[in-house]
Amino acid sequence: MSRAAQNPTRTSIELVELGRFFTIAARLFDTGQAAPQMFSTAIDVAWHRLLEDPEAYTAFTTRHAGRCLGHSPVRGQGFISWVTAYKEAYGPLPQIWFTGADGTVDTKALARYRQTGRVWAEWDCSPVPGDGDVVPEKTPA
């Protein structure tokens, strides 16, 4: 049984947050700002699963960002500046943003965020504006 079948609510939360992330990304791109960093491994897993189906991925990003966004493997660490834009649009970041791919919550990072309203983290990828050229093509079966 797949993880999604075992816990469909968790997958739904991850996709809701991924959609919000793409909406924020589009707003940042439209104002000439840098790409937001994907610091949640739980949400990143949902992103990578979605990338496996280019048609579904294009539809999802278009619905949330108004266009297809690409995916870029960009590693880094530091202050996550887009959190303010998220909070203005949706309120405080939910716990899923501080959850690992295995479902473990980073309670220290979550507590620090709740206390300061700021996030410092590592990331492995970011969206890129454009036609989605870096979205992997579906391989034939």
CG of Leu110 to CD of Gln115: how many Å apart, nearest 0.5 Å? 11.5 Å
Leu69 backbone acceptor or donor facing Tyr57 side chain under 3.5 Å: yes
If you take all heavy atoms of Thr62 and Cys68, which pair is closest and at what distance? OG1-N, 3.7 Å
Donor-acceptor pairs under 3.5 Å, side chain of residues 120-129 to any protein atom, not counting sequence neighbours: which ones?
unit_1	atom_1	unit_2	atom_2	d
Asp124	OD1	Arg75	NH1	3.0
Ser126	OG	Pro36	O	2.9

Kindly say whether Gly100 contributes a backbone atom to a donor-acceptor pair with the side chain of Thr104 at under 3.5 angstrom? no
Please round to the nearest 0.5 Å and tell me the distance separating atom OG1 of Thr41 and atom CH2 of Trp97. 11.0 Å
Shortest non-hydrogen separation from Glu14 to Ile43 and the atoms involved: O-CG2, 4.0 Å
Please test Val74 against Gln37 for side-chain contact (heavy atoms from CB on, under 4.5 Å), starting from the C-alpha separation and ending with a verdict. CA-CA 8 Å; Val74 179; Gln37 312 87 351; over 6 Å; no
Determine the interplanar angle of the His71 and His48 rings, folded into 0 to 90°, and report it as parallel if under 30°, tilted if 30 to 60°, perpendicular if over 60°. perpendicular
Would you be so kind as to tabulate the donor-acceptor pairs closer than 3.5 Å made by side chains of residues 22-35, with sequence neighbours excluded?
unit_1	atom_1	unit_2	atom_2	d
Thr23	OG1	Gly19	O	3.0
Thr23	OG1	His64	O	2.7
Asp30	OD1	Arg67	NH1	3.0
Asp30	OD1	Arg67	NH2	2.9
Asp30	OD2	Arg67	NH2	3.3
Thr31	OG1	Arg27	O	3.2
Thr31	OG1	Leu28	O	3.1
Thr31	OG1	Gln33	NE2	2.8

Please give me the minimum heavy-atom distance between Thr99 and Ser40, naming the atom from each residue. O-OG, 3.7 Å
Run the side chain to side chain donor-acceptor pair (under 3.5 Å) test against Asp106 and tell me which residues pass, sequence neighbours left out. none
Can you sort out the partners of Tyr113 under side chain to side chain donor-acceptor pair (under 3.5 Å), two or more places apart, ordered by chain and number? none
Set of side chain to side chain contact (heavy atoms under 4.5 Å, CB included) partners for Ala56, sequence neighbours left out: Leu50, Asp53
Quiz: residues 86-96 side-chain donor-acceptor pairs under 3.5 angstrom, not counting sequence neighbours:
unit_1	atom_1	unit_2	atom_2	d
Tyr86	OH	Glu17	OE1	2.5
Tyr86	OH	Glu17	OE2	3.1
Tyr86	OH	Arg20	NH1	3.2

Closest heavy-atom contact between Thr61 and Thr58? OG1-O, 3.3 Å
